[in-house]
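Comments concern the structure below.
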Amino acid sequence: MNEIRIEGGNPLTGEVRIQGSKNAALPMMAAALLHKGKSVLHRCPKIADVFVMEEILRELGMQIQHEGDTLTLDPSHVRKTEIDCCEGQKMRSSVILLGSLLGRYHNASVPHPGGCVIGERPIDLHLYALERLGAVFEEKEGVLTARTEGLVGNTIHFPKVSVGATQNAVLASVLASGITRLEGCAREPEVVWLCRFLNACGARIEGTGSSVLTITGVEELHGTEFTVPADRIVAGTYVCACAATRGELVLEDAPVEEMEALMRVYEKMGGQYEVIGGKLSLCSKWVQVPLKRQCTEVYPGFPTDLQSPLMAVLCTIPGESCLVETIFEDRFKTASQLQHMGADVRVDGRKAVIRGGTLHGAAVEAQELRGGAALVIAGLAAQGETLVRNRQYIERGYEDICRDLSQLGAVIERD
């Protein structure tokens with residue numbers, strides 16, 4: 001049984017610590033291929049995507065050790081540059097290994113990436129950036145093979161903001177000869193943290209946090225110890241859970257400075273919060289104001305990863321709200337499942353109109369990571385019992401969402 005069972009109707013109360021960031025940890029793990037020394041990542045989340053990345057790296061020859069939430073990666077025995085198709089297709093983030101493998105080993109072979117089905121997510125920008133640095137690609141039977149005689153710095157202008165393509169270009173550039181200038185970069189915190197990690201390894205990256213990065217290639221990198229930052233999307237998920245149940249929570253280690261767009265929306269809906277001593281205190285008793293129009297945007301705008309959890313909240317707020325998805329063209333899959341719970345959601349292309357009211361428990365199916373978390377939120381707010389199937393999607397990004405929510409007073413368990 002791969003399900004989560006929830007008895008709804010209990011406002012969340014209490015305190016919970018936010019786990020390490022999935023989207024920061026995975027590129028750092030890929031970056032560990034770039035040097036000969038050991039990388040030690042503290043606060044690495046114990047989630048399915050990290051475990052898949054571990055298996056991929058082990059197949060390449062990486063030696064990996066777990067001790068609590070500390071992950072030690074030793075690439076000294078890596079000899080292979082071909083990623084197994086079965087493992088690589090389990091997770092879209094496996095494409096991030098292209099930059100690291102080309103940067104150090106000058107060869108790479110990866111399957112087309114998998115991951116959540118939330119719309120077209122082409123990797124053309126990844127390939128464009130790596131080709132500008134001197135990589136040559138060949139595609140055969142769903143496998144991309146890349147080689148280079150040695151990457152060379154260049155100016156790369158991204159016509160569209162892409163977190164993954166920016167990260168891949170950064171990973172490939174740090175050992176490239178000469179200077180690389182990346183224009184139109186993604187400014188997401190996960191890009192910033194990757195640059196900080198690489199600089200700690202001896203890279204020379206300037207402009208971190210801006211849309212223009214300048215990277216001066218170095219001959220080699222060294223290992224380092226680094227602490228993975230808190231996961232802003234997990235923190236945002238729990239903010240939404242608090243709002244949907246009209247609860248009062250304290251989130252320990254929440255990266256509030258990375259959550260400004262969400263917290264503005266939370267206040268618009270009637271939520272109140274304060275930050276004291278590194279803890280985010282939430283009061284959702286007066287969450288009752290619908291959102292006239294809320295668009296997803298690239299950072300620092302409202303994150304697409306929190307669009308589905310926000311939809312679940314809006315389903316509980318009387319009145320009409322509108323969500324506009326600007327990042328992915330097919331990220332309203334959760335709407336049909338929320339309708340099974342009595343939600344009034346109408347989807348028209350990239351726009352969803354929600355008329356909030358009372359949700360009731362039902363059997364629903366998670367179809368992707370954040371949509372699955374949204375169904376859990378809806379179940380917490382609903383009357384009666386909710387059964388969320390396909391728990392494996394949720395476990396790709398949440399260490400133990402049932403444990404955390406139980407700690408906050410939810411009646412929830414894994415079957």
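Predicted, not measured: the structure shown is a model, and the values here were computed from it. Numbering of residues begins at 1 and proceeds along the displayed sequence. Basis for what follows: all heavy atoms, side chains included, without hydrogens, waters or symmetry-related copies.
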Taking [atom1] in [X] as the centre, count heavy atoms belonging to other residues, nucleotides or ligands within less than 6.0 Å. Is the count above 12?
X: R204; atom1: CZ; answer: no
X: E67; atom1: CD; answer: no
X: Q63; atom1: CD; answer: yes

Heavy-atom side-chain contact between [X] and [Y] under 4.5 Å:
X: E188; Y: N23; result: no
X: V110; Y: S94; result: no
X: Y398; Y: V376; result: no
X: R355; Y: E320; result: yes
X: E368; Y: S308; result: yes
X: V212; Y: R181; result: yes
X: D415; Y: L387; result: yes
X: L57; Y: V78; result: no

Test your reading of the model: is there a side-chain donor-acceptor pair from [X] to the backbone of [Y], 3.5 Å cut-off?
X: S284; Y: V287; result: no
X: T148; Y: G134; result: yes
X: D305; Y: R370; result: no
X: K38; Y: A32; result: no
X: Q337; Y: E365; result: yes
X: D253; Y: R17; result: no

Looking at every non-hydrogen atom in both residues, tell me the closest pair between [X] and [Y] and how far apart they are.
X: D231; Y: G20; value: CB-O, 3.6 Å
X: G379; Y: T386; value: CA-OG1, 3.6 Å
X: C240; Y: V313; value: O-CG2, 3.3 Å
X: P45; Y: Q19; value: CB-NE2, 4.0 Å
X: A381; Y: T245; value: N-CG2, 4.2 Å
X: R43; Y: P229; value: NH1-C, 4.4 Å

Checklist entry - Can you name the one residue among S336, S321, C315 that meets side-chain contact (heavy atoms from CB on, under 4.5 Å) with V345? => result C315
Checklist entry - Stepwise, does the side chain to side chain contact (heavy atoms under 4.5 Å, CB included) test hold for Y238 with I18? => result CA-CA 9 Å; Y238 293 167; I18 303 303; 3.9 Å; yes
Next on the checklist: Would you call the rings of Y128 and F158 parallel, tilted or perpendicular, taking 30° and 60° as the class edges?
Outcome noted: perpendicular
Checklist entry - Hey, what's the ring geometry for F226 with W193, parallel, tilted or perpendicular (30° and 60° as the breaks)? => result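 Answer is perpendicular, since the angle exceeds 60°.
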Checklist entry - Pick one: which of K351, Q307, R331 meets side chain to side chain donor-acceptor pair (under 3.5 Å) with E325? => result Q307
Checklist entry - Charged N to carboxylate O below 4.0 Å: is that the case for E55 and R58? => result yes
Item to check | side chain to side chain contact (heavy atoms under 4.5 Å, CB included) assessment of L34 paired with L198 | outcome: CA-CA 9 Å; L34 286 166; L198 288 167; 4.0 Å; yes
Could you measure the distance from the [atom1] atom of [X] to the [atom2] atom of [Y]? Nearest 0.5 Å is fine.
X: T208; Y: I215; atom1: OG1; atom2: CD1; answer: 8.5 Å
X: L291; Y: L310; atom1: CG; atom2: CG; answer: 6.0 Å
X: L171; Y: T166; atom1: CG; atom2: OG1; answer: 11.0 Å
X: I64; Y: F51; atom1: CD1; atom2: CZ; answer: 11.5 Å
X: N154; Y: R132; atom1: CG; atom2: CZ; answer: 4.0 Å
X: I4; Y: L375; atom1: CD1; atom2: CG; answer: 9.5 Å

Item to check | Under 3.5 Å side-chain donor-acceptor pair for R246 and T316 | outcome: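 Looking only at side-chain atoms, T316 and R246 do form a donor-acceptor pair, the distance falling under 3.5 Å.
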Checklist entry - Given the rule in the side chain to side chain contact (heavy atoms under 4.5 Å, CB included) test, do T214 and I205 qualify, once you have shown the distances and angles that lead to the verdict? => result CA-CA 6 Å; T214 303; I205 305 172; over 6 Å; no
Item to check | Stepwise side chain to side chain contact (heavy atoms under 4.5 Å, CB included) check, E82 with T145 | outcome: CA-CA 8 Å; E82 300 84 24; T145 300; over 6 Å; no
Checklist entry - Passes salt bridge (charged side-chain N to carboxylate O under 4.0 Å, His left out), E3 versus R389? Steps please. => result CA-CA 4 Å; E3 304 167 339; R389 299 191 174 105; 3.4 Å; yes
Checklist entry - Taking only residues two or more places apart in sequence or in another chain, which ones pass salt bridge (Lys or Arg N to Asp or Glu O under 4.0 Å) with E220? => result none
